[in-house]
Structure formats: C-alpha cells, structure tokens
Number of protein chains: 2
Amino acid sequence: MLKKQLIMEKALELFSEQGFEATSVQQITERCGISKGAFYLSFKTKDELVISMVDYYLQQFITDVDQVVRGTYNKETVLVEFYKSIFQAFKDHSASARVFFNEKVFLTKKELFHKITAYEAEMSKSILYMLEQLYQDQLKEMKYDVMYCIKGFMKSYAELFIFSDMPLDLEQLAKSLAEKTDIIAHHTTIPFITADLVPFIAKPCEEDVSKDALLQLLEQNINHTEDSIEKESIELLKQEIENPTYGKAIIKGLIENLRLDPAYHWIAYVTAKYFNI
Amino acid sequence: MLKKQLIMEKALELFSEQGFEATSVQQITERCGISKGAFYLSFKTKDELVISMVDYYLQQFITDVDQVVRGTYNKETVLVEFYKSIFQAFKDHSASARVFFNEKVFLTKKELFHKITAYEAEMSKSILYMLEQLYQDQLKEMKYDVMYCIKGFMKSYAELFIFSDMPLDLEQLAKSLAEKTDIIAHHTTIPFITADLVPFIAKPCEEDVSKDALLQLLEQNINHTEDSIEKESIELLKQEIENPTYGKAIIKGLIENLRLDPAYHWIAYVTAKYFNI
DNA sequence: TTGACAAATGACCGATTAGTCATTAGTATA
DNA sequence: TATACTAATGACTAATCGGTCATTTGTCAA
C-alpha cells in the first residue's frame, strides 16, 4: 500500500515534468529507488498506474470541494469559501493539476476519458447544488450558464498557480471571483445552455450509486484499514446496506466518522450519496 | 510546400485521435500514402513537424481574431463578433483545437512552450486592445481581470465544440457571452490582477517586432511564393524596411494585398506591427 | 541453523521507435 | 537516346519501450 503511494507520487513528478507517454516505467522505478519488477508487483500495467492516479488525486479534490459547498451554511461566504478551497488545492497540488487538467492524452484512452468526465460531472453537480442553495428560484434556467462561467473562471485563473509559483493573495482572488459570479448570476438575461441542451452536455448518464458497487468499495477498504473506529464504521455501514436497521442520525454519524480522515473522504462521499444524506 | 501541408494535415488527424507521443512517423506517412524517407525530406525531425504545425494552425487563429477586433468599429457589435469568430474557429478546426488547447505535452518541450505562450500573449493583446477601445478609461486596472474572464469563457464553452459535434447556435452563444462580458466590465469592483502583477504573468517580455526577424520572415516567404501580386508586395515591403521610401498609405496597401490570402495573414500581421499600422 | 515463504531483483524478450542511407524511379535537358 | 539531376523509397540500425520470469534476498517460525 505504501509502495503504491510512493510510485504514484514519483510518477506524478515525472509526468508533470515530461508528460505521460514520454515517461518510462524505468524512469519511475529509478526515481523510486526500486527495481522494474517491483513496479509490476504494485501495478499490472503502466495504464493501471495512471488509472489509480486519477482516482488517488481527483477523488480528494472533488470531495474537498463538495464538503465546502455542503458544509458552509452562510450564504454570504459560501462563494468565497468555494473559490478559496479550489485555488488552495491548485496551489498545494499544482503538479497533479498540471498533469490531470492539462495533459489530455488521457482523453484518448477511453476508460480514462470516462473516469475524468465522471469526476468533472461530480464537480458540476457540486457547483449546481451551491447555486441552487444560493439563488434558489431566481436563477432558473440560467444556472447552467453560471456554472459554465464558474468553471471558466477556475480554468483561467488556475494557470497562475499551475505555471508559476509566485505568492498570490488567495483571499483577494476568492473575493474577486465571488463578486464576479454574483454579478453574473444577478444580471445575466441571455442564457445559452438551456434546459433542453443539458441532457446532451452532461455526457455520463446520471447514474445513482449502485448497491453492489458501494459494497465492493467498502469491502476493499476494510482490508486496507487498521484504525479501529473507521474500520468499525465501515463494517456497520456495510451491514446497514445489506440489512437496513438504524435511523438517519446513526448512519450520518458513521459517515462523519469517515469524513474526519482524508483517506476516507471518498467512501464518505459515495456512501452519503447512496443514503441520500 | 504542398507535401508539407499534406503531412501536417494528416498528422493533425492522428494527433487528435491518439495524441502526439502515441503517433508514430510511420503512421503519419502511411496515412499520407508516402514513404518514411519522404517525411524526412520535408521535416528534419518529428519535433520539427510539431513546431511547424503550431505555427501553421495558431497563426491563422490569432490573426483572424485580431482582424475582427481591429476591423469592427461598431462598439455595439464588436464583442459579439469577437465571440462569433472565436467559436466559429473552434467549430471549423475542432481537431487542431483538441490538439493544441488540450494536449499540453507540448508544454514539456521548452521551445514549444515558449511558442504557445507567445501566441497566447498575442491573443491577450488583441483582447486588451478590444477592451480599451470599448470601455476606454472606465475599466482602468480592471481590464486585466476582464481579459481573464473572457479567456475563461472561451475555455469553458469551447468544450462544447471540441468534444461533441452537436449543432449549436453560434449567434446565441456570442450574444450570451458578450452580455456576460459587458456585465462584468460594468459591475466589477474587486480586481485581482492588479497592474503590479501584470509584469509577472505576461511571461514573454513585451518585445517589438525586430527588423532582422521580420526581414528573415519575408525572405523565407518570397522563396515559397509564386503568386505575382503577393510576391511583389513582399519584395517591396522588404525594400521599404531596409530603405524607407513610401508613405503610410502605400505600405498599408501592400500589407492589405497580403491580408487577402489566408496564407499570408501572419506576414501581414507581423509587418503591420513593425510599421505601427 | 534450518526450511518455508514472500518480496524484490535485473537480465532478458519481442515489439516498436525515430532516424539513415544506398538504391531506384521519374523527369527534364541536350 | 543518353545524361544529369532530383524526388522518393523502404530495408536497415541502434536505442528504447512495456512487460516477464528465473533467481536471489530477506524474514519469519521451528
């Protein structure tokens, strides 16, 4: 488990320096200080490595954002907090941002394309949720346009973090973009992305979390878990899925146990979706 | 010269399908119906091909936008026309957009990184020029932020053209984004990209067109040119640079001769810059 | 110390790569 | 037709790739 992480981190460095195709397995193992054979004990192929990396690096990004969006109840500050968390992440993980937001070689590999598209869709959902909470019925059909503007702001300003390391005032940036978002939300009159267009652009079909997929995810993580509270929480949640017993409060509590540790953010996120919490 | 174009076009197809590193010279020559040796008669290396492609495809994009920006005197419509030309280009050349705006492997090759950065800077200049004409002193230090928003809109909505081929109402999109831009320009109060930040983000130093570089560019093109009017225009402009004789009107006329043919857009653009026209 | 097992190694394999070059085909001039 | 020249070919090379596997190393309990 630790070996996998080591490989993923060193691989990320190399990918962000040279690109995916231009980086050989040999180079990765050299930087890790391990043999080529050892690499293939952790990952079956080079492609499997990159798929794991997408999960490893994007899951945290998605869940962090979602947590801010759903955890900030103050309408005055939620937009600012949203942008702050986004750009803080870009700042802290500029290498992975360089790799996954720019190197779209990945888009030519179908499995990865769907994976990345799915994560992007999750991000879109979080943003839409935020907009719905913030503006409720004021926006109506305009909310998809506002979402696209927000994504555009992210992409445009993220460059500042990805391609240079100058010190930037995150607070000021977040305030500036929050204001711009609010202005657009209030004054826009000409929509482009209308409701009838939405089904076409939200490519990955809106799928709910399937019971089997979730059970499998939990099962996997029980084996890798040693911490007692987390392990117990996962086991209880697993039982709850197979045989519903407890009320919402207990379930939410168990999920919150997991949310405390970044390593379990993704499980918490997916499980909460399953239980509609 | 025609062979070069053939190779660049087929290579673009393959790059947009598979990515740059994943495409072999062999595959390119097979799709062209030529031998491997013939490829190396046109380009010294695979890298030289991609450098030529960046010039070939981005020059036209940049000059098209600049022409719209500087050629539309109606303040009411310039923003709409700007967006229309941008997205029309994305629509017509979605393959090259996929390659050059997404596959940033190129960013790991230093020469290409500087080239692409330089073209992006040209685009920024055109946008800033448009904003200065439109809002003059109203914007002041806010203009850089508005430029970043425009670029964000472009990046965000371009996806619709790059990753799908559904029919989209360009007119409606342009109107929608023009309104958003105008709203931001009028209501924003919190800037982020302040004047003192600008020197740091505009990485490539603001360089004027150098006399020698321009002479070399013209020289190169004389050899590849057969059309009489264009060839004569280029030769006269070359003489004019070395030995100024004519007035602005004649110079502008000669440049306009070149602008009529897309193949000479870039020369026209650069020469106009040199003569401050 | 021994034996059993897992972890780790790196020489090795077939496939593929970018790039070369002796050879051939095609064309224009004399 | 003979000559001279360029355009085009594709077999070839040396290097590198992802991936394998017989072997070695390390770590336990007995």
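Reminder, nothing fancy here: chain letters follow the sequence lines and each chain counts from 1. Note that the structure is a prediction, hence the values are computed from the model and not measured. What's counted below: heavy atoms across the whole structure, side chains too, no hydrogens, waters or symmetry copies.
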- Heavy-atom contact window of chain B on DNA chain C, given 5' to 3' at under 4.0 Å: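 From 5' to 3', the first and last contacting nucleotides are C:dT17 to C:dT20.
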
Taking [atom1] from [X] and [atom2] from [N], how many angstroms apart are they, rounded to a whole number?
X       : N      : atom1 : atom2 : value
A:Glu21 : D:dT16 : CD    : P     : 17 Å
A:Ile28 : D:dC17 : CD1   : P     : 11 Å
A:Gln26 : D:dG19 : CD    : P     : 13 Å

- Task: Determine: side-chain N/O of A:Ser24 to OP1/OP2 of D:dC17, distance under 4.0 Å, yes or no.
- Result: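 Answer yes for this pair, as a side-chain N or O of A:Ser24 is under 4.0 Å from OP1 or OP2.
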
- Just grab all the salt bridge (Lys or Arg N to Asp or Glu O under 4.0 Å) pairs involving residues 25-35 of chain A, residues at least two apart or on different chains. A:Glu13-A:Arg31, A:Glu17-A:Arg31

- Message: If the condition is ring pair (Phe, Tyr, Trp, His ring centres under 6.0 Å), which residues does B:Phe275 pass it with, not counting sequence neighbours?
- Response: none

- Task: Could you pull out all residues at least two apart from A:Phe43 that satisfy ring pair (Phe, Tyr, Trp, His ring centres under 6.0 Å)?
- Result: A:Phe39

Not counting sequence neighbours, which residues clear side chain to side chain donor-acceptor pair (under 3.5 Å) with [X]? List them please.
X        : answer
B:Ser42  : none
B:Thr23  : B:Gln18
A:Ser126 : A:Asp66
A:Gln88  : A:Asp92

- Indicate, with a heavy-atom threshold strictly under 4.0 Å, whether A:Thr29 touches base, sugar-phosphate, or nothing.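 Touches nothing.
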
- Query: What heavy-atom pair brings B:Asn257 and B:Glu230 nearest, and what distance separates the two atoms?
  - Reply: O-OE2, 4.4 Å

- Query: Which parts of residues 32-48 of chain B get close to DNA chain C, meaning a heavy atom less than 4.0 angstrom away?
  - Reply: B:Lys36, B:Tyr40, B:Thr45, B:Lys46

